[in-house]
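What follows is a set of notes on a single structure, which appears directly below.
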2 protein chains.
Amino acid sequence: MNNLQNLEFNEEACKKCKGRYCASKVSIFSVLEEPQLKEVTDKIDRKIYKKGQMIFFEGDISDKLYLINKGKVKIFKYTKEGKEQILYILSEGEFVGDLSLLKKGEFKFNAEALEDVNMCQLTKDDFDDVLRKNPDMALKVLQVVYERISKLETLIQSLSTKDIESRVSGLLLNFIKDFGVPKGNNVELDLPLSREDIANYIGVTRETISRKLNSMQEEGILKLVGNKKIIIQDLEKLESLYE
Amino acid sequence: MNNLQNLEFNEEACKKCKGRYCASKVSIFSVLEEPQLKEVTDKIDRKIYKKGQMIFFEGDISDKLYLINKGKVKIFKYTKEGKEQILYILSEGEFVGDLSLLKKGEFKFNAEALEDVNMCQLTKDDFDDVLRKNPDMALKVLQVVYERISKLETLIQSLSTKDIESRVSGLLLNFIKDFGVPKGNNVELDLPLSREDIANYIGVTRETISRKLNSMQEEGILKLVGNKKIIIQDLEKLESLYE
DNA sequence: CGCGGTCTTGATAACGCTCAATGATTGTGG
DNA sequence: CCACAATCATTGAGCGTTATCAAGACCGCG
């Protein structure tokens, strides 16, 4: 109780604890006991990225693990035509980096801060070290990676579905699951993405997204409030469009 | 030397060794030493699937790990419109199954034998057991899973690329890498897939694939021999289409 | 040799992309 | 705090590409 208060309100203590808060947010480190956890947190480096700032580029040497402490990060590739294809939107508690042990590969995608982001960074060497000393953690990592595979498989299914209404619904339902806020009968959705980003997620153009969202508004499924908020009014109908 | 001969030619010995051959083909088991390897192989169950036969369906309880000893397996989902979307083509030495420890999930895709397939099967409980006793193996599994993520990310990039010629090229280049046979200046390619399967891999219709392959033949890039063989005559041009 | 399945080819039409202009929202400096 | 700029989103018209539908050729197998 007292400890918690110290952590929350004592600026000095907070500076000392450095990355601890960060590490405890990341599920793969949850298997670590106190001494190991300290070892990790001592090595963590913090950095802030401003909205719109690039965190790394495709082709960069991947020698760090990036743990998101706050904010959202967009992971994407470029298609042949130069359009972005978004692979993941990562939030607080998630991480990105080359997870294969030993080798330092190159990033195969780009990462950009969608909002101001507090990032904790751990060098790959340090991470490998922790992993070697705590083989149990590999199972935890495996679990996370496995979830990521599932997301990609779903995205593939979505991209290969011709019906665009269905793709938009799928995206919205995902967002609702991840950060939708129930308000009475409705669900409020604060979009982390611009129209263009949404388009780049499901592989269409920005204009098409505009039109589809609009037609969904006319059908009474949702209500567009400004550019970054959507109120879902008929969740069932939305779900019926998806499946 | 003598041992090898025994394994290869002695039918009796081969029956006794059961799944050993299978396990040794699968990279994740390569970290295992003799006693553990034996433990695994003793538990392995063999099964043969005929060409076209379903191995499992989406929604089935995933309580087994499937190790491919021979043949190719198609892993796919259905889109909303009922079309197949192929996620992976798995070959000898690869495996499929729920890799997340402890829980027995449901398969989120279907698996079908593209040829006659020799399959080795290991129950999930047995696999979990091995994994717990050999935490090192988790790193190996992680590596494999990681490669699979890369494949999916590439597939996504391909699916979101509008230019279909580029998608076809990408698929062909992948096939060449996986099972192309150089013949003089050319590369021969025995397709494991029908035209429809190819179409379902890159998310177009069978007619479109026909037309594209034909136009590529007219451009002198390749030569179609029957339905299951392609001779690549101008690899450079093919590569230039892709990037 | 003939039959079933697979593949090719052609004509048509639908759908989303492109381009272009207008409208809304956000951010900034006077 | 307002005005203006800049960014972002919407709307419309026309075009291009591919899906669709339909018919025919080809391959491989009994």
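To find a chain, count down the sequence lines: A is the first, B the second, and so on, and within it residues start at 1.
The shortest distance between the side-chain N/O atoms of T208(B) and the OP1/OP2 oxygens of dT17(D) is not below 4.0 Å. For R195(B) and dT8(C), the shortest distance from a side-chain N or O to OP1 or OP2 is below 4.0 Å. Look at N227(B) and you won't find any side-chain N or O under 4.0 angstrom from OP1 or OP2 of dC26(D). Of the side-chain N and O atoms in S194(A), none sit less than 4.0 angstrom from OP1 or OP2 of dC8(D). The side chain of S210(A) places no N or O atom within less than 4.0 Å of a non-bridging phosphate oxygen (OP1 or OP2) of dA9(D).
In this structure, D163(B) pairs ionically with K80(A), as a charged nitrogen and a carboxylate oxygen lie closer than 4.0 Å. By the 4.0 Å N-to-carboxylate-O rule, E112(A) lies close enough to K74(A) to be salt-bridged with it.
A cation-pi contact, defined as under 6.0 Å to the ring centre and within 45° of the axis, is absent between K64(B) and F56(B). Under a cutoff of 6.0 Å and an axis angle of 45°, R148(B) and F95(B) form a cation-pi pair.
K77(B) and Q157(A) share a donor-acceptor pair across their side chains, judged by distance under 3.5 Å alone.
The main-chain N or O of R206(B) is never found under 3.5 Å from a side-chain atom of R195(B) such that the two would form a donor-acceptor pair.
Bending across the helix from dC1(C)-dG30(D) to dG30(C)-dC1(D), expressed as the angle between its end axes from five pairs apiece, amounts to 40° (10° rounding).
Rounded to an integer number of Å, the gap from E207(B) CD to dG10(C) P is 13 Å. In this structure, the CD atom of E196(A) is 11 Å from the C1' atom of dT7(D), given to the nearest Å. dT18(D) atom P lies 11 Å from atom CD1 of I202(B), rounded to whole Å. With rounding to whole Å, L191(A) atom CG is found 15 Å from dC8(D) atom P. Across the protein-nucleic acid pair, K162(A) atom NZ and dA13(C) atom P stand 22 Å apart, rounded to whole Å. Atom CG in N200(A) sits about 17 Å away from atom P in dG16(C), given to the nearest Å. Atom C1' of nucleotide dT18(D) and atom CZ of R211(B) are separated by 8 Å, given to the nearest angstrom. In this structure, the CD atom of E218(B) is 8 Å from the P atom of dT9(C), given to the nearest Å.
You'll find that the side chain of N214(B) is closest to dT8(C), out of dT8(C), dT18(D), dC21(D).
The residue I164(B) sits close only to the backbone: its heavy atoms come under 4.0 Å of sugar-phosphate atoms, none of a base.
Aromatic ring pairs are classed by plane angle as parallel below 30°, tilted from 30° to 60° and perpendicular above 60°; the pair F76(A) and Y78(A) is perpendicular.
Side-chain N/O atoms of E81(A) and base N/O atoms of dC17(C) include no donor-acceptor pair closer than 3.5 Å. Between the side chain of R167(B) and the base of dT18(D) there is no donor-acceptor pair of N/O atoms closer than 3.5 Å.
Between K51(A) and R206(A), the residue whose closest nucleotide on DNA chain C is further toward the 5' end is R206(A). Place L213(B) and G226(A) on DNA chain C by their nearest nucleotides, and L213(B) ends up nearer the 5' end.
The number of heavy-atom neighbours closer than 6.0 Å to NZ of K51(A), taken from other residues, nucleotides and ligands shown, is 12 or below.
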